[in-house]
Amino acid sequence: MDRAHKPSALTPSTAGPQPSVHSEQGRVIATLPTGDSVEVLLYGATVISWKHNGRENLWVSKAAKLDGSKPVRGGVPVVFPCFGPPPADHATSALPQHGFARNSTWEYLGKSSSESGKLASGGDDGVKLDFGLSPAELSDEAKKAWPYDFGLVYSVTLGKDGLQTMLNVQNKGKESFEFQMLLHTYFKVDDISKVTVNGLGSSTYIDKVLNATTHTQSTPSLSITGETDRVYKSIKQDTTSILQDGKPRLDVIRDNLVDSVVWNPWIEKGKGMGDFEPKDGYKNMVCVEVGAVDGWQKLEAGDTFEGGQIVKSHL
Ligand SMILES: O=P(O)(O)OC[C@H]1O[C@@H](O)[C@H](O)[C@@H](O)[C@@H]1O
């Protein structure tokens, strides 16, 4: 596949220890000299672990399938080219819920220094891993259901300040196509009853739990006290923060994306999902998912779109 962003080799060391990257059993693991690490499955290019200061920041179900038989329940599944069940009257209509990116096996394109990345603050102390997906990697079924010529490059950058995940979408065909994208991040929290989500105040949202009705977030803080499935649209603030016990825990910064979904299945929904374990796992997770899901992004032939997130941990 012709790469939009062919990564260069890891910049040689100027001084001090360098990040290490190795791949094994369909996954790529990068570790910084600080001990911080990130682990990415080729299946779905799903980030399944991000450790910072010895602490895991992502929630992955104990029953998640990591063998490529089902999208991973946890981590950061990549949603593309449709969010949720595709509408019957759209070009994505024959695709499964959340599209094909999360259940296709991506190609590892290589590593590079993150010195030019937004996370690097003072030197080449980070590492960027690139993953590619094109029609060549899709199942015949997916190709038939969405017959466009495209190239995705998903860049996962581990820096000393946090994690950045960016999706680059290229239209390589001769006709335009429409897509949605979302980074469906499952964050690990100590106790959902003490979590608040800030940075959504005054935004309009569609409440999928309340029959897809439209509301406005009237309070600056959102507490999760039951099943939550809200699609916040055109958010003015760039940062959505997860607080634990009133203290900043994680900041999720949108990059060229204006929508975010907040999701927690709570008790009953969790019980209904075979791959959601433990059943009280809803107490230890919250999904804050950055994306472009309000309507469709139209990409003309030859054009490129890029959007993603920077996540910073306060602990
Ligand atoms: O079970 P899935 O396909 O991984 O989806 C999980 C959830 O993903 C969220 O993004 C959607 O808003 C929810 O409606 C959905 O239930």
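Counting starts at 1 for both ligands and their atoms, following the listed order.
- Here the two rings, on Phe179 and Phe305, have centers that are under 6.0 Å apart.
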Side-chain donor-acceptor distances from residues 70-85 under 3.5 Å, at least two apart:
| unit_1 | atom_1 | unit_2 | atom_2 | d |
| --- | --- | --- | --- | --- |
| Lys70 | NZ | Asp275 | OD2 | 3.3 |
| Arg73 | NE | Asp275 | OD1 | 3.0 |
| Arg73 | NH1 | Tyr186 | OH | 3.0 |

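- Here the two rings, on Trp59 and Phe276, have centers that are under 6.0 Å apart.
- For Glu56, the side chain to side chain donor-acceptor pair (under 3.5 Å) partners at least two apart in sequence or on another chain are Ser49.
- Within 4.0 Å of ligand 1, contacts by protein heavy atoms are made from Arg73, Phe83, Gln97, His98, Arg102, His184, Lys208, Asp229, Val261, Trp263, Glu289.
- Atom NZ of Lys208 has more than 12 neighbouring heavy atoms from other residues, nucleotides or ligands inside a 6.0 Å radius.
- Partners of Glu178 by salt bridge (charged side-chain N to carboxylate O under 4.0 Å, His left out), not counting sequence neighbours: none found.
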